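These numbers come from a predicted model, not from an experiment. Quick note on labels: first sequence line is chain A, next is B, and so on, each numbered from 1.
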There are 2 protein chains.
Amino acid sequence: MKKSIQILIYEDNVLLRESLTNLLALTGEYEVLASFPDCSDVMNQVRQLDPDVILMDIDLPGINGIEAVKLIRGFNPQVQIIMLTVFDDNSHVFDAMYAGANGYLLKKYISDKLLHAIQEVLQGGAPMSPSIAKMIISSLQQPVVAAKDYSLTNREKEILQLLSSGNSFKMIAAELSISLDTVRTHIKHIYDKLHVRSQIEAVSKAIQEKLVK
Amino acid sequence: MKKSIQILIYEDNVLLRESLTNLLALTGEYEVLASFPDCSDVMNQVRQLDPDVILMDIDLPGINGIEAVKLIRGFNPQVQIIMLTVFDDNSHVFDAMYAGANGYLLKKYISDKLLHAIQEVLQGGAPMSPSIAKMIISSLQQPVVAAKDYSLTNREKEILQLLSSGNSFKMIAAELSISLDTVRTHIKHIYDKLHVRSQIEAVSKAIQEKLVK
DNA sequence: CCTAAAATACCCTGATCAGGTGATTGTTTT
DNA sequence: AAAACAATCACCTGATCAGGGTATTTTAGG
């Protein structure tokens with residue numbers, strides 16, 4: 001008989017906590033090691049019980065689920081963590097992702113998707129509800145919008161790129177095989193167009209506004 | 001009788017193209033308006049046929065799927081585009097996302113997930129294969145992983161931050177109410193620790209390695 | 001209490017950068 | 001053909017930065 005998947009649950013709602021436990025127990029493939037209504041002792045619990053998967057509610061009293069993930073990730077990079085949340089809004093999801101969660105499931109999809117989500121994280125995937133995935137996609141598509149037009153010529157863009165990579169005027173001149181004075185002329189034009197008065201401002205603005213890679 | 005969902009297919013593999021068409025036709029809910037082996041006339045085709053959903057192979061001869069998405073998004077922001085790909089590696093996926101695709105399906109999951117994925121995009125979600133979702137999550141978690149330790153003191157970090165925002169030494173001195181020479185001393189220490197020899201290199205490195213916001 | 005680290009400050013010299021002015025050549029646009 | 005733009009180069013002046021050394025005060029740890 002193969003070893004069952006060991007699971008730890010953090011969920012403050014008693015009914016949901018018990019439903020989850022029952023749901024997982026019924027399958028026979030999963031063993032719920034324990035379930036807790038809060039994360040007050042999360043580090044010791046995870047260390048001692050050493051689960052394969054953690055189901056973590058985001059909205060917990062005391063230490064919230066996101067803080068808990070940070071704590072866990074501080075000493076355990078491999079346990080698979082699936083966040084359970086009623087929020088499909090912005091910041092919570094991102095914070096949880098940054099913290100190091102592996103999957104995100106809206107509570108309304110739990111009955112449909114939980115078992116599938118657990119399988120996915122164990123296979124190295126990142127399960128998430130469609131609307132959450134949509135948020136992530138949208139956030140990644142934002143950079144496309146950027147890149148204002150300062151009417152820089154190709155040569156000016158090239159020089160701004162080199163400057164932003166840490167090259168001095170002298171190095172740029174050598175790199176492009178042109179005179180130092182020519183580099184300076186281009187730099188002056190760049191300053192005029194970007195409305196800045198020093199290399200620092202130019203580089204800062206160029207990187208901030210994604211004028212360079 | 002409700003109107004069927006109208007679909008356009010771009011896929012260079014003949015067998016797969018026909019399988020997709022048959023699979024969708026069998027359900028009775030979808031109507032394949034047309035299917036093409038390349039994107040040479042994609043703009044006119046999308047404009048005239050005006051589909052609800054487009055299935056787009058990434059690896060197409062001539063204009064590839066990612067370029068095609070950019071072209072389509074140029075005039076049609078609402079059509080739902082699902083990318084079909086054999087790649088679960090790096091850049092292709094990101095490029096497609098930046099370009100404005102709505103979902104991403106690895107070809108090996110097509111038979112299992114295609115119908116479900118179409119439903120999801122039509123409901124405003126973003127379907128994607130678990131491994132692709134994983135890539136996205138990982139990319140969002142990088143900022144957490146980053147930030148090497150150069151043993152900068154808090155004051156040095158503060159000054160590096162101000163420098164990277166475009167401030168001159170003079171401005172930093174004024175901002176922090178310390179002497180210009182003190183700023184210079186801190187700067188020297190920062191250069192030593194980062195192994196650089198100019199403000200440009202320092203700022204470039206600081207932003208590159210996410211030492212500053 | 002004592003020490004190490006951090007933050008503060010000053011001086012000097014040479015290198016680099018900013019701003020202004022002017023000029024030549026070739027290409028593109030009108 | 002004329003005008004506008006792009007890329008190239010030069011010179012001059014004053015400002016800012018880099019690198020070296022030295023030194024005092026405050027903070028944090030053992």
Whole-Å distance between dT16(D) C1' and Met171(B) CE?
13 Å
Below 3.5 Å, does any donor atom in the side chain of Arg184(B) face an acceptor in the base of dA9(C), or the other way round?
no
d(CZ, Arg155(A); C1', dT27(C)) in whole Å
16 Å
Would you kindly give the CD1-to-P distance between Ile187(B) and dT8(C), to the nearest whole Å?
13 Å
Could you say whether Glu156(B) or Leu180(B) is positioned toward the 5' end of DNA chain C, judged by the nucleotide with the nearest heavy atom to each?
Glu156(B)
5' precedence on DNA chain C between Tyr191(A) and Ile159(B) (nearest-nucleotide basis):
Ile159(B)
Report yes if at least one side-chain N or O of Thr153(B) is closer than 4.0 Å to OP1 or OP2 of dA5(C); otherwise report no.
no
Which atom names give the shortest non-hydrogen contact between Arg73(B) and Ala99(B), and what distance separates them?
CG-O, 3.6 Å
Could you tell me how far apart Asn154(A) (CG) and dC5(D) (P) are, to the nearest whole angstrom?
16 Å
Which part of the nucleic acid does His189(B) contact within heavy-atom distance under 4.0 Å: base, sugar-phosphate only, or nothing?
nothing
From C-beta outward on Ser179(B), which listed nucleotide comes closest to its side chain: dA9(C), dT16(D), dG19(C)?
dA9(C)
Residues, nucleotides or ligands: over 12 heavy atoms within 6.0 Å of Glu31(B) CD:
yes
Polar pair under 3.5 Å, donor/acceptor by atom type, side chain Thr185(A), base dC9(D):
yes
Using whole Å, report how far CD1 of Ile200(B) lies from P of dA18(C).
8 Å
Tell me what Lys188(A) touches on the nucleic acid: a base, only sugar-phosphate, or nothing, going by heavy atoms under 4.0 Å.
base
Indicate yes or no for a side-chain donor-acceptor contact from Ser204(B) to the backbone of Ile200(B) under 3.5 Å, with no hydrogens or angles considered.
no
Between dC17(D), dA9(C), dT8(C), which nucleotide gets closest to the side-chain atoms of Asp181(B)?
dA9(C)
Looking at Glu67(A), is its backbone amide N or carbonyl O close enough to the side chain of Asn64(A) to form a donor-acceptor pair, meaning the two atoms are under 3.5 Å apart?
yes
Looking only at heavy atoms, which two atoms of Ile159(B) and Leu176(B) are closest? And how far apart?
CG1-CD1, 3.7 Å
Atom CD1 of Ile190(B) and atom C1' of dA6(C): how far apart are they, to the nearest Å?
13 Å
Rounded to whole Å, CG of Leu152(A) lies from P of dC5(D) at a distance of 15 Å
Counting only side-chain nitrogens and oxygens, does Thr182(A) get under 4.0 Å of the OP1 or OP2 atom of dC9(D)?
yes
For atom CD1 of Ile178(A) and atom P of dT25(C), their distance in whole Å
18 Å
